[in-house]
> 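Pasting in a structure now, in structure tokens, and then I'll have a few things to ask.
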Amino acid sequence: MLQTDRGPRSSMSAAAAGDSAPRRILALALAVALALWPSPARAGFSCSPGARPVVFNFGDSNSDTGGMAAAKGWHIAPPEGRAFFHHPTGRFCDGRLVIDFLCESLNISYLSPYLKAIGSNYSNGVNFAISGSTTLPRDALFVLHGQVQEFFFFKARSLELINQGQEAPIDAEAFLNALYIIDIGQNDINALLSNLPYDQVVAKLPPILAEIKYAVQLLYGNGSRNFWIHGTGALGCLPQKLSIPRKNDSDLDQNGCLSTYNRAAVAFNTALGSLCDQLNVELKNATVVYTDLFVIKYDLVANHTKYGFDSPLMTCCGYGGPPYNYDLSRSCQSSNSTVCADGSKFISWDGVHLTEAANAVVAAAILSSAYSRPKLKFDQFCKAR
């Protein structure tokens, strides 16, 4: 596992921001989180004058800012979005996602989904992430390969407009200097763990990793040079997984998380980190940063009281009450679901996705560079060249 120079005091080792509670709670909690790691302002997380930050994101529901809602025509209802946007945005969260906080650190607008036809702003990049996305099979709808193909279409169309003397949101130089974020694999691993024992799951990780490698190689071959790749989180700490009936609690660790799921996540991240090291050597004039999100997200549970979280394994919006408040047949969108009064006290929003409060902490940890290899500042890609 990646060892860091600085990080939370946890055996597996990185919380708080807000919800429908008064805004002062959000401000105070986020300040506490950012005090633990260098804040964007203090650490210089601002692009140099004249540099243009552009971000393209590929992933699943952890970074979907409304793509699936637009694609499916879903009418997502409150309480989604209540903490920050004060209305549903297509994000599966009570407020901002990690990608939103990262965009804030660059002082750019939140990324619009590629498939959102009305009200989109692509001047600072595009979000191709779609909820439920996987890496395999490659020909399935909205998988990573499909998202990369959508990017190629967007780029080709943009450059075509420019060549015709028309305006496009992003030009050739911006495509070259942009940051390409990939955060995917969680759904692949979860699907495998639902049907196979641990050893067989680990044996099936290489094809997943190969798809991520192929995506990076395709983007690199098309001119992309700056990559930021996220590992998966602590899958064994998700209320959704913990609520699955089990014979006994022998697989639970000291923090109440499922060891098998977490071991699989760590195995995936270890291999993904090695893959990124390999790509850094193979891809000339390119930078590939790997960030271990397992370490960060596991610590939300392991040291929850330190960061002001209560009931770390319970959902804020769900059904059934303690210990997990999660019922597979009654999601946060169900009419009979219940929602907590103060989401800033919860890590899990709906059993699968984090609250805005937890996302703020994860973003702060990413911005610290303590969990990344190489340890580059997040805004490094947009420095004036």
Side-chain angles (χ1 to χ4, degrees), residues 2-5 44-45 47-48 50-59 63 99 102 106 108 124-129 135 138 143-160 162-163 168 170-185 205-231 268-293 366-367 369-385:
L2 174 64
Q3 298 296 316
T4 61
D5 298 330
F45 292 115
C47 287
S48 301
R52 182 184 183 190
V54 172
V55 176
F56 295 104
N57 183 70
F58 308 86
S63 59
I99 187 67
L102 296 181
L106 299 172
I108 63 176
N124 286 113
V126 185
N127 193 357
F128 298 93
T135 65
R138 187 181 292 179
V143 295
L144 177 59
H145 182 71
Q147 294 178 27
V148 171
Q149 295 305 312
E150 289 174 342
F151 165 76
F152 289 154
F153 183 88
F154 177 87
K155 180 179 180 180
R157 183 55 177 153
S158 297
L159 298 182
E160 180 183 349
I162 293 173
N163 290 336
I170 299 173
D171 58 24
E173 182 179 3
F175 279 110
L176 174 64
N177 296 331
L179 179 65
Y180 296 80
I181 301 177
I182 298 178
D183 186 346
I184 202 165
L205 293 181
I208 300 172
L209 296 161
E211 283 301 301
I212 296 175
K213 179 179 181 180
Y214 184 57
V216 173
Q217 290 174 326
L218 284 178
L219 290 166
Y220 176 82
N222 194 258
S224 307
R225 292 296 180 265
N226 306 302
F227 302 92
W228 201 289
I229 300 178
H230 292 163
F268 174 78
N269 285 0
T270 300
L272 181 61
S274 297
L275 171 60
C276 291
D277 293 341
Q278 174 189 339
L279 290 171
N280 256 321
V281 174
E282 294 179 357
L283 305 181
K284 303 304 179 184
N285 300 316
T287 300
V288 182
V289 176
Y290 164 74
T291 299
D292 189 348
L293 290 195
I366 293 172
L367 291 172
S369 303
Y371 303 90
S372 297
R373 189 168 74 236
K375 297 184 185 301
L376 297 178
K377 296 300 184 183
F378 185 72
D379 71 335
Q380 184 68 35
F381 75 99
C382 66
K383 297 292 187 183
R385 296 172 185 266

> Just verifying a value: how many Å separate I208 CD1 and L144 CG, rounded to the nearest 0.5 Å?
11.5 Å

> Report yes if the side chains of I366 and L293 come closer than 4.5 Å at any heavy-atom pair, otherwise no.
yes

> Please round to the nearest 0.5 Å and tell me the distance separating atom CG of L179 and atom CZ of R225.
14.0 Å

> Can you list the residues that meet the side-chain contact (heavy atoms from CB on, under 4.5 Å) rule with V289, with sequence neighbours excluded?
W228, T287, T291, S372, P374, L376

> With sequence neighbours left out, write down each residue that passes salt bridge (Lys or Arg N to Asp or Glu O under 4.0 Å) with E211, or none if nothing qualifies.
R138

> Once ring-ring contact (aromatic ring centres under 6.0 Å, His included) is applied, do any residues pair with F268, and if so which ones, sequence neighbours excluded?
none

> Who pairs with Q278 by side chain to side chain donor-acceptor pair (under 3.5 Å), at least two apart in sequence or on another chain?
E282

> Is there a side-chain contact between L272 and L209 in this structure, where contact means two heavy atoms from C-beta onward sitting under 4.5 Å apart?
yes

> I'd like to check the side chain to side chain donor-acceptor pair (under 3.5 Å) partners of D183; sequence neighbours left out, ordered by chain and number.
H230

> If you take all heavy atoms of I108 and P53, which pair is closest and at what distance?
CG2-CG, 3.3 Å

> Using 30° and 60° as the class limits, which term best fits the ring planes of F56 and F175: parallel, tilted or perpendicular?
parallel

> Please list, chain by chain and in numerical order, all residues satisfying salt bridge (Lys or Arg N to Asp or Glu O under 4.0 Å) with E160, sequence neighbours excluded.
R157

> Identify the heavy atoms of V288 and N280 that sit nearest to each other, and give their distance.
O-ND2, 2.6 Å

> Sequence neighbours excluded, which residues qualify as side-chain contact (heavy atoms from CB on, under 4.5 Å) partners of A174?
R52, V54, I170, D171

> Who pairs with F154 by ring-ring contact (aromatic ring centres under 6.0 Å, His included), at least two apart in sequence or on another chain?
Y122

> Can I get a per-line list of side-chain donor-acceptor pairs under 3.5 Å for residues 212-223, giving both atom names and the distance, sequence neighbours left out?
residue	atom	partner	partner atom	Å
Y220	OH	K284	N	3.3
Y220	OH	K284	O	2.7
N222	OD1	K155	NZ	2.9

> Looking only at heavy atoms, what is the nearest atom pair of S63 and I99, with distance?
O-CG2, 3.9 Å

> What do the steps show when you test L367 against D379 for side-chain contact (heavy atoms from CB on, under 4.5 Å), and what is the final call?
CA-CA 9 Å; L367 291 172; D379 71 335; over 6 Å; no

> Using modelled atom types and a 3.5 Å cut-off, is there a donor and acceptor pairing between side-chain atoms of N57 and backbone atoms of A129?
no

> Can you name the closest pair of heavy atoms from L106 and F378 and give their distance?
CD1-CE2, 3.7 Å

> Under the rule for side chain to side chain donor-acceptor pair (under 3.5 Å), what residues qualify as partners of N269, not counting sequence neighbours?
D292

> Knowing that exactly one of F381, F151, F128 qualifies, which makes a ring-ring contact (aromatic ring centres under 6.0 Å, His included) with Y180?
F151

> Holding to salt bridge (Lys or Arg N to Asp or Glu O under 4.0 Å), I want the full list of residues that pass it with D277, two or more places apart in sequence or in another chain.
R373

> Just wondering, are more than 12 heavy atoms of other shown residues or ligands nearer than 6.0 Å to CZ in F153?
no

